[in-house]
Asks: 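I'd like to ask some things about the structure below.
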Protein chains: 2
Amino acid sequence: MPDLMKSTSEIKILIVEDEPIIARNISMYLDNNDFKVSGIAYDDEEAFAELKNNTPDAVILDINLNSPSDGIDIAAFINKNFHLPFLFLTSYSDRETIQRAKLVEPSGYIVKPFNERTLLASLEIALSNFAQRSNQQAPELKMDKINRHLLSPLTEREYIVVNHIYNGKTNNQVAAAMFVSLNTIKVHIKNAYLKLDASSRTMAVVRLRELMKK
Amino acid sequence: MPDLMKSTSEIKILIVEDEPIIARNISMYLDNNDFKVSGIAYDDEEAFAELKNNTPDAVILDINLNSPSDGIDIAAFINKNFHLPFLFLTSYSDRETIQRAKLVEPSGYIVKPFNERTLLASLEIALSNFAQRSNQQAPELKMDKINRHLLSPLTEREYIVVNHIYNGKTNNQVAAAMFVSLNTIKVHIKNAYLKLDASSRTMAVVRLRELMKK
DNA sequence: TAAAAATTCATCCTTAAGGGTGAATAGAAC
DNA sequence: GTTCTATTCACCCTTAAGGATGAATTTTTA
């Protein structure tokens, strides 16, 4: 089988993270899942250099860094000089930091501690949102939160699909965003419906809203 | 035209309200809109008598009454002795009262000051919710809130339709709940889509969520 | 390594949804 | 008294969505 999937979605990611263990962890996850890590930056200077020299397609930014500029500053720099999606990697922060982070309009957030699935799903959804409309943020569901309330948890692909549906996309739009066929999307939707006890996209959205409230 | 609509939806409403001006106001609204006011009770005793003698199909209850039992007490009595939908008519109340009101699981709330449209729409949605599933409450959109953010406001029927869509109903289910044909529902949906800048029910729901946040 | 789960895709079929046009009726507004 | 809006409905057509079945491939897990 020609791995069309892999070639089309091998997207170069820059990781900006001062803790080597976390950085390597993320790097391993991504390399095993159709992403290519173009570089790891441990401080602001390395981040600026990587951005210029290795032209990543997306950036994962830890907010707290051991350097003069933190992740939010680097994000502001990206907004000024590039047209790139970026996600913040963050622990629970104070309100001020969250406010500052929102101002630079990130394509997504990854909250520590995170698991592989959440990381990959957040990244894929962020890329899709960025591609469609850089300005407005589509609200993102939390897979962990949803799965906690389901007898049978959603798989990563099912989760991404229902997220798109939650944000009003048609099956064809979801297929385009995920680089797979319409048939595949329909299979994911059908399986997700079983788990969500729904039989239409609007019913699924109602169920998702209920699950998010709990 | 045989007014099938009127005969099927001429529902008897009991109004429990100690302020005669408001009571007559509501009474007038309802009588002009395919509802029949079976009686007006100005205190608890009259309410109990009306419930027994005139067998209303639904009850609108002011919470604050000049009598030993208030609206919530009467609601509890209804729950115990009848199977009837009731709505609370309320001004801004203290938390305790709201907590008590929630315990008797009303089919809806009408908050003063209210206009004719909100009253009728709340009533119709409450009746529909009650008919479908007496136990769980479908979350209800606020027409005033939505309309405040639309260039062209939704009409009452359009609002009721999008409310049903928001709660996951199919067009056929909406038609059944509103006692009109599928064609009519489609017309309302199409017109609502224009106002909401949507072209599918899921997109409409996304827009409604956005409008409710503002 | 074998079994189970996840992901991908195809084909076929039925129904739901969306969209266009036209039109009758009733009520409100002017 | 005429115009405007809201509500209702019909007929038409196209596309989207939902559902069933079968199957190949990869990844994970036992």
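Convention: sequence-line order gives letters A, B, ...; per-chain numbering from 1. None of these values were measured; they are calculated from a predicted model.
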Asks: B/Glu158 CD to D/dT8 C1': how many Å, rounded?
Replies: 13 Å
Asks: Given that B/Lys195 and A/Thr170 both sit by DNA chain D, which one's nearest nucleotide is further toward the 5' end?
Replies: B/Lys195
Asks: Would you please test B/Val174 and B/Ile189 for side chain to side chain contact (heavy atoms under 4.5 Å, CB included) and show each step?
Replies: CA-CA 11 Å; B/Val174 179; B/Ile189 291 178; over 6 Å; no
Asks: Just the rounded figure in Å: distance from C1' of D/dA17 to NZ of A/Lys169.
Replies: 18 Å
Asks: Only one of A/Leu65, A/Asp70, A/Leu89 passes side-chain contact (heavy atoms from CB on, under 4.5 Å) with A/Val16; say which it is.
Replies: A/Leu65
Asks: Without decimals, in angstroms, what is the distance between A/Asn172 CG and C/dA17 P?
Replies: 18 Å
Asks: If only side-chain N and O atoms of B/Asn171 are considered, is one of them under 4.0 Å from the OP1 or OP2 phosphate oxygen of C/dA16?
Replies: no
Asks: Between the side chains of A/Glu124 and A/Arg157, is the shortest nitrogen-to-carboxylate-oxygen separation below 4.0 Å, so that they form an ion pair?
Replies: yes
Asks: OP1 or OP2 of D/dT7 sitting under 4.0 Å from any side-chain N/O of B/Thr155?
Replies: yes
Asks: To the nearest angstrom, how far is B/Leu154 atom CG from D/dT5 atom P?
Replies: 16 Å
Asks: Please report, rounded to the nearest Å, how far the P atom of D/dG19 is from the CG atom of A/Asn191.
Replies: 12 Å
Asks: Round to the nearest Å and state the distance from A/Gln173 atom CD to D/dA17 atom C1'.
Replies: 14 Å
Asks: Of the nucleotides D/dT7, C/dG19, D/dC9, which one has an atom closest to the side chain of B/Tyr193?
Replies: C/dG19
Asks: Give, ordered by number, those residues of residues 182-190 of chain B having at least one heavy-atom distance below 4.0 Å to an atom of DNA chain C; if nothing qualifies, reply none.
Replies: B/Lys186, B/Lys190
Asks: Measure from NZ or CZ of A/Arg201 to the centre of the six-membered ring of A/Tyr166 and say whether it is under 6.0 Å with the direction within 45° of the ring axis.
Replies: no
Asks: Closest approach of A/Pro153 and A/Leu151, non-hydrogen atoms and distance?
Replies: CD-O, 3.9 Å
Asks: Where the side chain of A/Ser199 is concerned, which of D/dG19, D/dA10, C/dA16 is the nearest nucleotide?
Replies: D/dG19
Asks: Can you give me the closest heavy-atom contact between A/Leu14 and A/Gly39, atom names plus distance?
Replies: CD1-O, 3.3 Å
Asks: Please report the distance, rounded to the nearest Å, between CZ in B/Arg201 and P in D/dA16.
Replies: 16 Å
Asks: Nearest whole Å is fine: how far is C/dG27 P from B/Arg157 CZ?
Replies: 15 Å
Asks: Can you check whether A/Tyr42's main-chain N or O pairs, donor with acceptor, with A/Asp18's side chain at less than 3.5 Å?
Replies: no
